[in-house]
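Just below is one structure, and these are the notes that go with it.
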Amino acid sequence: MSVVAARREDDTERLELEGHARPSVERGPKSEGVLTVLRGANPGSLYTLDGAESMIGRSPEAAVAIDDDTLSRRHARIRRTHHGFQIEDLGSTNGTFVDGARVHGPRKLEDGARISLGGRTVLHFALHDAVELEAARQTYELMVRDPLTRVFNRRHLEERFASELAFSNRHKTPLSLLLLDIDGFKPINDTYGHAAGDSALRVLARSLLAMVRQEDVVGRYGGEEFAVLARSIDRRGTIAFGERMRKCVQDLRVPTERGPLSFTVSIGIAHTEGHDGSDSQRMFEAADRALYAAKDAGRNRVEIAPDPAAHSARRVTTPN
């Protein structure tokens, strides 16, 4: 083949590739609205305005639910119209401001607007086309998810825990922290290989996500250690919840080249009823002590700390 013919063939191939790529990168209408938390609870959190109307407020039922006690439960709403997006204050106590000006009645949101709510929360409003929106979602997922297991990473877990604990203390509602650690994980890697160990972590993560409620939070806290935050479950219910997890895990089977792999977890629990002034560090320490107590007592069991500031744990279950 001549040099000229080869160049023509290369050019043809390049144009064909560009033709295939072009539909995915062509700019479309910037019709998708996105809010990003700049300041306040969980900075960096991203909310897509998918519906015709999105309410912002302190209520857990809000489409944009923000744990900030300077916000009203139903603070403001954003509506999608034929001409873009507009925001309206819903009679909030501390007001809604766009680029420094208080909102009185419906106000159109321009791309790049900054929305101040209450006394602490600042949101950034942006308009994206479909490709930009997908990229923003993927970037956010990379920020908050563990790449191996796809549950929340430790940084996001700690941020959510601080937010959930503040909610618990403010409203005097129960909150439970469950730390789970795979028993004998190093021998699993040594016997079955690291690929099988990674598979076990993924299977455990999927199982935890299937067991929890929508409002619960699952995160990977360490190498083979996971954490679950559970709202509004009393002490006895939390113990039963942990026991269900323990039994479910011991029944799991992970296929490997050396045959099915089974494993168990030990679980340590810290629980607050929301009126003892607990902080996240003390609760993590209490749950960690309970976890070590479960390990010392024989593994594959659940232990609960007497209270978030306790220095010991009490055995509550015995493995079958």
Side-chain angles (χ1 to χ4, degrees), residues 36-37 39-47 60 64-68 121 137-171 173-182 185 197-198 200-233 238 241-242 244-246 248-249 265-272 274 278-292 294-295 302-305 308-309:
T36 304
V37 179
R39 185 181 301 162
N42 303 320
S45 296
L46 182 134
Y47 300 89
V64 183
I66 299 175
D67 185 26
D68 178 351
T121 298
R137 285 172 170 162
Q138 291 177 0
T139 300
Y140 179 67
E141 287 294 303
L142 289 172
M143 287 175 51
V144 302
R145 298 284 179 184
D146 172 61
L148 176 65
T149 62
R150 306 308 301 159
V151 298
F152 289 123
N153 58 31
R154 178 168 177 165
R155 175 178 173 273
H156 186 73
L157 175 71
E158 290 176 343
E159 289 176 351
R160 286 292 302 273
F161 186 35
S163 177
E164 292 292 329
L165 191 54
F167 181 93
S168 169
N169 288 331
R170 185 167 60 249
H171 297 282
T173 56
L175 179 67
S176 301
L177 168 67
L178 300 90
L179 294 183
L180 301 88
D181 187 82
I182 296 179
F185 189 68
D198 287 348
L201 293 172
R202 286 192 291 265
V203 168
L204 174 57
R206 287 197 297 269
S207 298
L208 293 177
L209 290 172
M211 282 186 279
V212 302
R213 304 162 301 171
Q214 184 176 1
E215 62 267 31
D216 297 332
V217 180
V218 179
R220 186 180 178 190
Y221 191 66
E224 62 270 20
E225 191 172 7
F226 292 78
V228 176
L229 300 175
R231 266 188 183 186
S232 304
I233 304 179
T238 302
F241 185 33
R244 285 197 302 273
M245 288 184 178
R246 184 192 68 78
C248 178
V249 172
V265 293
S266 297
I267 302 176
I269 301 173
H271 176 79
T272 178
S278 297
D279 61 51
S280 57
Q281 181 177 347
R282 285 196 298 168
M283 282 194 71
F284 263 116
E285 290 173 353
D288 198 49
R289 286 191 294 270
L291 175 60
Y292 273 99
K295 296 284 190 181
V302 178
E303 303 278 348
I304 186 167

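Computation of the quantities below employed the complete heavy-atom set of this structure, encompassing side-chain atoms and omitting hydrogens, waters and symmetry-equivalent molecules. The chain is numbered in sequence order, starting from 1.
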Heavy-atom check, side chain of [X] versus side chain of [Y], under 4.5 Å:
| X | Y | answer |
| --- | --- | --- |
| L165 | T272 | yes |
| L179 | I267 | no |
| L204 | I182 | yes |
| L229 | D216 | no |
| F185 | V265 | no |
| R145 | H156 | no |
| N42 | R160 | yes |
| S45 | T36 | no |

- Message: Working note: S266 + L291, criterion side chain to side chain contact (heavy atoms under 4.5 Å, CB included); need CA distance, chi angles, decisive distance, verdict.
- Response: CA-CA 6 Å; S266 297; L291 175 60; 3.9 Å; yes

Determine whether a donor-acceptor pair (N or O, by modelled atom type, separation under 3.5 Å) exists between the side chain of [X] and the backbone of [Y].
| X | Y | value |
| --- | --- | --- |
| N169 | A166 | no |
| D279 | R282 | yes |
| S280 | F161 | no |
| S168 | E164 | no |
| N153 | M143 | yes |
| R150 | A205 | no |

- Query: With a cut-off of 6.0 Å (strictly less than), are more than 12 heavy atoms of other residues, nucleotides or ligands near OH of Y292?
  - Reply: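 No, OH of Y292 has 12 or fewer neighbouring heavy atoms, counting only those of other groups under 6.0 Å.
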
- Would you indicate whether Q281, at its atom CD, is surrounded by more than 12 heavy atoms from other residues, nucleotides or ligands within a distance under 6.0 Å?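 No, the 6.0 Å shell around CD holds no more than 12 heavy atoms from other groups.
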
- Message: Among residues at least two apart in sequence or on other chains, which ones pass salt bridge (Lys or Arg N to Asp or Glu O under 4.0 Å) with R155?
- Response: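 Applying salt bridge (Lys or Arg N to Asp or Glu O under 4.0 Å) to R155 gives E159.
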
Where do [X] and [Y] come nearest, in terms of heavy atoms and distance?
| X | Y | answer |
| --- | --- | --- |
| A230 | F241 | CB-CE2, 4.0 Å |
| L177 | M283 | CD2-O, 3.8 Å |
| D68 | T121 | OD2-OG1, 2.7 Å |
| H271 | T238 | ND1-OG1, 3.7 Å |
| A290 | E303 | O-CB, 3.3 Å |
| V228 | L180 | CG2-CD1, 4.0 Å |

- Item | Six-ring centre of F152, R220 cation under 6.0 angstrom, axis tolerance 45° |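 Here R220 fails the 6.0 Å and 45° test against F152.
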
- Message: To the closest 0.5 Å, what do you measure between CG (L209) and CZ (F226)?
- Response: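 Taking CG in L209 and CZ in F226, the distance rounds to 9.5 Å.
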
- Item | Interatomic distance, T173 atom OG1 to I233 atom CD1 [nearest 0.5 angstrom] |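 Going from the OG1 atom of T173 to the CD1 atom of I233 covers 11.5 Å.
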
- Task: Before accepting this row, confirm whether a basic side-chain N of the pair R170/D67 lies closer than 4.0 Å to the acidic partner's carboxylate O.
- Result: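 The answer is yes: the pair qualifies as a salt bridge.
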
- Which residues satisfy the side chain to side chain donor-acceptor pair (under 3.5 Å) test with D181, sequence neighbours excluded?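 By the side chain to side chain donor-acceptor pair (under 3.5 Å) rule, D181 matches K295.
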
